[in-house]
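Written below as structure tokens is the structure these notes are about.
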Amino acid sequence: MIRRLGFSFQLGLTFSSPVYCHRFTLRCMPQTTPLQKPEGVSISLEPFCPYWIAEDYSGLKLLGFVKDEHTALQLTVSGTVANEDPEKGLPLLSGEPLGAFALQTPLTAPGPAMQALSSMLPDVSDAGTMAPAVMDLLAERFRYTPGATESGTTAEAAAAALRGVCQDEAHIMLSLLRLRGIPCRYVVGFMAGEGASHAWVELLLDGRWQGYDPTNHRMITSDYIRVSHGRDANDCPLNRGLFTGTAVQSGSSTAQVWEV
């Protein structure tokens with residue numbers, strides 16, 4: 001069954017003083033996969049500047065360059081995607097770096113707090129058993145608390161506090177699964193409703209990447225639009241860039257997803 005979702009994503013960057021020669025890389029465009037097909041995606045940039053689209057293993061990248069002085073950059077990406085039964089899972093592609101997805105990263109490396117959580121899980125390494133068990137554990141013990149963590153907060157720090165946001169729950173789930181030798185990856189995208197970007201986890205199950213959302217304690221459905229994936233959040237940031245100037249940069253983003 002095909003389900004079509006409309007989406008609009010807005011990213012605003014502001015600078016405390018004028019900057020120029022601003023090069024940026026934005027990950028904000030839906031991926032094309034066997035289960036997700038973008039349709040009629042449009043891009044608006046203010047100030048307008050040259051940009052181009054590239055692709056790497058994590059997804060699509062929008063690269064741009066603003067030469068002249070500016071104190072703000074506003075991006076809007078909108079369009080439609082056609083989703084087909086994501087519950088089936090994405091097929092494993094030839095040459096995918098499974099070894100990298102089985103290894104811990106600096107953001108997911110376990111310490112005493114992660115080991116303590118791991119000891120509360122079943123002593124198995126079966127992905128189909130572990131994923132629901134991890135989500136049950138997080139639903140019981142972790143509290144969604146905006147502002148309790150930062151973008152660089154590790155899974156270990158979030159596990160010690162048992163507070164944080166979707167990025168933290170995804171990192172904790174990745175760490176727990178990798179402790180059992182299960183290849184898994186971090187996914188960024190949007191979900192039905194209005195809010196910000198969202199993070200979840202995919203793990204390798206029976207030769208397919210199956211998605212789980214620990215924050216909402218459920219499997220990924222056609223309510224979700226995937227944008228990028230990687231070993232952890234550092235592989236798929238919404239925005240990275242360089243500019244000339246002494247300004248302090250701040251940013252905000254919103255996303256809306258609705259059924260067409």
Side-chain angles (χ1 to χ4, degrees), residues 1-9 26-43 53-62 77-98 100-102 126-132 134-135 166-167 169-170 173-174 177 182-233 235-238 255-260:
M1 177 181 176
I2 302 295
R3 186 182 186 201
R4 282 181 167 78
L5 299 176
F7 75 93
S8 179
F9 174 74
L26 308 177
R27 294 188 181 274
C28 53
M29 302 178 65
Q31 288 180 321
T32 297
T33 75
L35 301 178
Q36 176 178 284
K37 302 293 190 296
E39 301 173 342
V41 174
S42 66
I43 299 168
I53 307 298
E55 185 173 12
D56 58 21
Y57 89 95
S58 294
L60 295 173
K61 303 184 293 185
L62 189 156
V77 179
S78 58
T80 305
V81 298
N83 279 346
E84 179 184 354
D85 297 331
E87 294 88 345
K88 295 189 304 186
L90 282 171
L92 181 64
L93 300 178
S94 175
E96 283 198 86
L98 289 184
F101 293 131
D126 173 66
T129 300
M130 282 299 297
V134 171
M135 290 203 303
C166 60
Q167 174 177 300
E169 293 201 59
M173 187 169 185
L174 292 173
L177 292 173
I182 299 171
C184 49
R185 60 193 189 184
Y186 183 94
V187 185
V188 174
F190 316 130
M191 63 179 298
E194 184 169 352
S197 59
H198 189 52
W200 61 91
V201 170
E202 286 179 341
L203 58 88
L204 195 61
L205 178 61
D206 298 329
R208 303 180 77 88
W209 290 107
Q210 187 66 63
Y212 293 84
D213 180 358
T215 303
N216 292 294
H217 198 195
R218 65 174 183 172
M219 293 181 69
I220 297 303
T221 68
S222 56
D223 286 336
Y224 293 74
I225 296 175
R226 61 182 293 120
V227 170
S228 61
H229 66 266
R231 297 163 299 172
D232 58 28
D235 278 354
C236 35
L238 288 175
Q256 301 87 33
V257 176
W258 60 93
E259 186 161 12
V260 176

- Message: Which residues pass the side-chain hydrogen bond (donor to acceptor under 3.5 Å, both in side chains) test with Thr33, not counting sequence neighbours?
- Response: none
- Message: Between Arg226 and Ile220, is there a side-chain heavy-atom distance shorter than 4.5 Å?
- Response: no
- Applying side-chain hydrogen bond (donor to acceptor under 3.5 Å, both in side chains), name anything that partners Tyr224, two or more places apart in sequence or on another chain. Asp213, Arg218
- Residue pair Met173 / Ala131: nearest heavy atoms and the distance that separates them: CE-O, 3.8 Å
- Item | Atom pair CE/CG of Met1 and Asp85 - distance to nearest 0.5 Å | 8.5 Å
- Message: Quick one, Ile53 and Ile43 - any side-chain contact, counting heavy atoms below 4.5 Å?
- Response: yes
- Message: Would you say that Val227 contacts Ser197 through its side chain, given a criterion of any heavy-atom pair below 4.5 Å between the two side chains?
- Response: no
- Out of curiosity, Ile2 CD1 to Glu84 CD, how far, rounded to the nearest 0.5 Å? 4.0 Å
- Note: Phe9 and Ala255 closest approach over all heavy atoms is CD1-CB, 4.0 Å
- Listed by chain and number, what are the salt bridge (charged side-chain N to carboxylate O under 4.0 Å, His left out) partners of Glu55, not counting sequence neighbours? none
- Item | Within-4.5 Å side-chain heavy-atom neighbours: Val257 and Asp223 | no
- If every non-hydrogen atom of Glu169 is compared with every non-hydrogen atom of Pro214, which pair is closest and at what distance? OE1-O, 3.4 Å
- Note on the structure: Sorted by chain and number, sequence neighbours left out, side-chain hydrogen bond (donor to acceptor under 3.5 Å, both in side chains) with Arg4 holds for Glu39
- Message: If you compare all heavy atoms of Gly6 against all heavy atoms of Val260, which two are closest, and at what distance to 0.1 Å?
- Response: N-CG2, 3.3 Å
- Beyond-backbone contact of Gln167 with Tyr186, side-chain heavy atoms, under 4.5 angstrom: yes
- Does Gln210 have any side-chain hydrogen bond (donor to acceptor under 3.5 Å, both in side chains) partners at least two apart in sequence or in another chain, and if so, which? none
- Query: Do His229 and Tyr57 come within less than 4.5 Å of each other through their side chains, counting heavy atoms only?
  - Reply: yes
- Test side chain to side chain contact (heavy atoms under 4.5 Å, CB included) applied to Pro132 - qualifying residues, sequence neighbours left out: none
- Query: So which heavy atom on Gly230 is nearest to which on Cys236, and how close?
  - Reply: N-SG, 4.0 Å
- Note on the structure: Lys37 meets the salt bridge (charged side-chain N to carboxylate O under 4.0 Å, His left out) criterion, sequence neighbours left out, with none
- Message: Working to the nearest 0.5 angstrom, can you tell me the gap between Ile182 CD1 and Leu174 CG?
- Response: 11.0 Å
- Query: Do you know which two heavy atoms are closest between Leu205 and Ala127, and how far apart they sit?
  - Reply: CD1-CB, 4.0 Å
- Of all residues at least two apart in sequence or in a different chain, which pass the side chain to side chain contact (heavy atoms under 4.5 Å, CB included) check with Val81? Leu5, Phe7, Pro30, Gln36, Pro38, Asn83, Ile225
- Note on the structure: Sorted by chain and number, sequence neighbours left out, side chain to side chain contact (heavy atoms under 4.5 Å, CB included) with Asp126 holds for Thr129
- Could you walk me through whether Leu203 and Met130 pass side chain to side chain contact (heavy atoms under 4.5 Å, CB included), step by step? CA-CA 10 Å; Leu203 58 88; Met130 282 299 297; over 6 Å; no
- Note on the structure: Residues at least two apart in sequence or cross-chain that pass ring pair (Phe, Tyr, Trp, His ring centres under 6.0 Å) with Phe101, listed by chain then number, are Trp209
- Applying side chain to side chain contact (heavy atoms under 4.5 Å, CB included), name anything that partners Ala100, two or more places apart in sequence or on another chain. Pro97, Arg231
- Please determine, by modelled atom types, if Ser228 and Ser58 share a side-chain donor-acceptor pair under 3.5 angstrom. no
- Tell me, which pairs form a salt bridge (Lys or Arg N to Asp or Glu O under 4.0 Å) where one or both residues lie in residues 182-197, sequence neighbours left out? Glu96-Arg185, Arg185-Glu202
- Message: Val77 vs Leu26, test: side chain to side chain contact (heavy atoms under 4.5 Å, CB included). Steps then yes/no.
- Response: CA-CA 11 Å; Val77 179; Leu26 308 177; over 6 Å; no
- Arg27 with Asp235: basic N within carboxylate O range, under 4.0 Å: no
